[in-house]
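Count residues from 1 along the sequence. This is a predicted model, so every value here is computed, not measured.
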Amino acid sequence: MEKINNVTQFIFLGLSQNPEVEEVCFVVFSFFYTVIILGNLLIILIVSQGNLFKSPMYFFLNYLSFVDICHSSVTAPKMIVDLLAKNKTISYVGCMLQLFGVHFFGCTESFILTVMAYDRYVAICKPLHYMTIMDWERCNKMLLGTWVGGFLHSIIQVALVVQLPFCGPNEIDHYFCDVHPVLKLACTDTYIVGVVVTANSGTIALGSFVILLISYTIILVSLRKQSAEGRRKALYTCCSHIAVVIMFFGPCTFMYMRPDTTFSEDKMVAIFYTIITPMLNPLIYTLRNAEVKKAMKRLWFRKVFLEANGK
């Protein structure tokens, strides 16, 4: 069948059609996005300048913060601007790029969280072999694997969508371009594409989630053999990771582990993994992590000392 594509742009229906609600949302999400950028940049600064980069856990945390900035930046700025715009439009090419970015950084983040769980498993269950297993060569290979995995996943998603014909309507009932809302606009049967999309995204979301649950279950069981102090420190770190995992994978599993359908709740659910989780990650890792707080204090005292000496 010849591909007919009369659509050059899409129109977002956005979070709400009520101007007063949109104005409130503009203020709220502008604040949220500012916190995302500043909070995650602070984590990157603390890890890189606070002598924590040598630890595999903080090595991956540094890149998690970077991915959080990128992931939220794919959707949040456009959504914030659209909240005050009369015409919430995006070009066809822009839509495909946004779809690619959402899945690329989202999938990469899920893989980084999985790698961080493996790092904690080795640190707690095999402490004597930790530095041997988690050497720099392996850490770099795992990090490269998260980026390659994210790229392959997202390029498959985009390839499935771009080959579809779009001849109208062009209104997307969402605040960004995602696979399921876009598939609804295609001028052809998308059942097979929907199945492949669900299998692709669903396998990654559910697979990573199951691996993470198994990893942390093994870790929590193994803590019974630790000393009281060791158990406290391990729980302190793992609770932070578990909180992030639940906030990120819960909404993702709801969105992508189902057939090609859309619900009115999808926009609210998507806010969790595109905005709320990237915003809360820095708070969780700084407020609940003793090493990060120590590094933050060292940086602060160094800044005060330099200012006091006129440097």
Validation: residues 80-87 side-chain donor-acceptor distances under 3.5 Å, sequence neighbours left out:
from : atom 1 : to  : atom 2 : distance (Å)
D82  : OD1    : K78 : NZ     : 3.3

Could you tell me whether the side chain of [X] and the main chain of [Y] form a donor-acceptor pair under 3.5 Å?
| X | Y | answer |
| --- | --- | --- |
| T277 | F272 | yes |
| S48 | L45 | yes |
| N40 | P278 | yes |
| S72 | I69 | yes |
| N140 | W136 | yes |
| S154 | F151 | yes |

Between atom [atom1] of [X] and atom [atom2] of [Y], what is the distance when rounded to the nearest 0.5 Å?
| X | Y | atom1 | atom2 | result |
| --- | --- | --- | --- | --- |
| I218 | L213 | CD1 | CG | 11.0 Å |
| Y63 | I44 | OH | CD1 | 9.5 Å |
| I271 | T75 | CD1 | OG1 | 9.5 Å |
| M79 | K267 | CE | NZ | 12.0 Å |
| L185 | L183 | CG | CG | 9.0 Å |
| T253 | L206 | OG1 | CG | 6.0 Å |

Non-hydrogen side-chain atoms of [X] and [Y] separated by less than 4.5 Å:
| X | Y | value |
| --- | --- | --- |
| D173 | P181 | no |
| C70 | F104 | no |
| C139 | L143 | no |
| T190 | K184 | no |
| M134 | M142 | yes |
| V182 | L164 | no |
| W147 | T108 | yes |

Can I get a per-line list of side-chain donor-acceptor pairs under 3.5 Å for residues 93-103, giving both atom names and the distance, sequence neighbours left out?
from : atom 1 : to   : atom 2 : distance (Å)
Q98  : OE1    : C177 : N      : 2.8
Q98  : NE2    : V74  : O      : 3.1
H103 : ND1    : H153 : NE2    : 3.1
H103 : NE2    : D178 : OD1    : 2.9

**Complete:** Taking every heavy atom of I43 against every heavy atom of S65, the minimum-distance pair comes out as CG2-OG, 3.0 Å

**Item:** Heavy-atom pair with the smallest gap, counting every atom of I36 and D68
**Value:** CG2-O, 4.3 Å

**OH (Y216) with more than 12 external heavy atoms under 6.0 Å** = yes

**Asked** Around Y121, counting heavy atoms of other residues, nucleotides and ligands shown, do more than 12 lie under 6.0 Å from its OH?
**Response** no

**Message:** I need the full list of salt bridge (Lys or Arg N to Asp or Glu O under 4.0 Å) pairs touching residues 88-116, with sequence neighbours left out, sorted by first then second residue.
**Reply:** E22-K88

**Selection residues 136-159 - residue pairs positive for salt bridge (Lys or Arg N to Asp or Glu O under 4.0 Å), sequence neighbours left out** = E137-K141

**Request:** Give the cluster check for L38 versus L280: same hydrophobic cluster or not, with ILVMFWY residues linked at side-chain heavy-atom distances below 4.5 Å.
**Result:** no

**Request:** Flag yes if V122 and I211 sit in one hydrophobic cluster, no otherwise; membership is Ile, Leu, Val, Met, Phe, Trp, Tyr, and two members link when side-chain heavy atoms are under 4.5 Å apart.
**Result:** no

**Message:** Angle between ring planes, Y273 versus H71, binned at 30° and 60°: parallel, tilted or perpendicular?
**Reply:** parallel

Got a list of side-chain donor-acceptor pairs under 3.5 Å for residues 25-35, not counting sequence neighbours?
from : atom 1 : to  : atom 2 : distance (Å)
S30  : OG     : F26 : O      : 2.6
Y33  : OH     : S73 : OG     : 2.7
T34  : OG1    : S30 : O      : 2.8

**Message:** If you apply the rule side chain to side chain contact (heavy atoms under 4.5 Å, CB included), what do you find for V161 with F166, and how did you get there?
**Reply:** CA-CA 10 Å; V161 175; F166 294 92; 4.1 Å; yes

**Prompt:** What's in the same ILVMFWY side-chain cluster as F111, cut-off under 4.5 Å, chained through other members?
**Reply:** I204

